[in-house]
Amino acid sequence: MNRSSPTDAAPIAPAFTGTTVDRLSELRADRGEVERLLKHPRAAVLGASADSVLIDADGEPRLLRRPVEGHVNPYQPILLGLDGGEPLFAADLDDPEIQSQLEETGRGRLVSLREAGTLLPQAEGGLAAYLVALLNWHRRHRFCANCGAQTRVAEAGLSRRCPTCRATHFPRTDPVVIMLVDDGQGNVLLGRRLGLAEGRFSILAGYVAPGETPEEAVSREVLEESGVRAHSPRYVASQPWPFPASLMLGFEASADRGDDPVPQPGEMVEVRWFSLDEIAAAGSFETTGADGHPHAGLRLPGEVSIARMLIDAWAARGGRRL
Ligand SMILES: [Zn+2]
């Protein structure tokens, strides 16, 4: 067994990571600097709804850049940052007026964020996730969690401020652990959640609870969802998942084959071990699209997800965890 091969150490770079935008944290509070960026000749605005982004339908796939004029509220701008010398602002496409203005060019195409994750180059996909995550937070935090008054955009979109109780609110990100559990004998634990189609399995996942470490969440969630005792969790990689505000923390963990997995009532429909052969066959079926494949019954998560990346990396190592 060669556990130190370069393949083992190859970093995973999930979709929605790798934005190169400078968030300009140091100058956001300076009203004059933000006004200067709004008037910059290369300033542009990117549009997104709760789960979709506007991409440029011409040429290389990228997010559609439109002039700032008329698309950004100059009193409460949401600045994403500086991208290659280009100041970028965000516009909420759930606002019907802004949506019609941005789409009227004919160049824009609204695609789901998941689709954007497969279409866009790495850094642009990371920017798309940042855009959606930030707008989702503003959309859901219009009122103060402390006193209930209406809040205002502050620091060019980095925070919101309450004029009544003077509380400052910063963007929320909810940590979720997602873990590939391996039995040490070439099998992996997958579950099918309530509401998912027959055959659509994924690795287990769940929110980190208050007062809990991600490692503790891995063991707890696996036990709750499957009845299996997982141990030795190891962090692998993470992925922003702004549906609406999660950060997926990807782990691998081990479990001893004892009792059969038992799905958690009301949440999981099926939980079972899958062999490397079953995983490999399901993966190749999805990429080739061949009809009548013997393992067509198992459908793995979409390739944009960190779940799929963890499964593929495990399969590429011959069914071994890191
Ligand atoms: Zn308040």
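This one's a predicted model, so the numbers in the text were calculated from it and none came from an experiment. We count ligands from 1, going down the list as the structure has it; atoms in each ligand are counted the same way.
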Listing, residues 39-52 side-chain donor-acceptor contacts under 3.5 Å, not counting sequence neighbours, or none:
residue	atom	partner	partner atom	Å
His40	ND1	Arg42	N	2.9
Arg42	NH1	Gly84	O	3.4
Ser49	OG	Ser52	N	3.2

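Between Pro233 and Val218, the shortest heavy-atom contact is CB-CG1, 4.1 Å. Taking each heavy atom of Phe251 and Val177 in turn, the nearest pair found is CE1-CG1, 4.0 Å.
Every residue meeting the side chain to side chain contact (heavy atoms under 4.5 Å, CB included) condition with Gln264, not counting sequence neighbours, appears here in chain and number order: Glu224, Glu225, Glu267, Met268.
Tested against Glu270 for a salt bridge (charged side-chain N to carboxylate O under 4.0 Å, His left out), the candidates Arg192, Arg200, Arg193 yield a single pass: Arg192.
Summarising the hydrophobic clusters (Ile, Leu, Val, Met, Phe, Trp, Tyr; side-chain heavy atoms under 4.5 Å, direct or chained), the residues clustered with Phe170 are none.
Taking 2.8 Å as the limit, the number of protein N, O or S atoms around the Zn ion (ligand 1) is 4.
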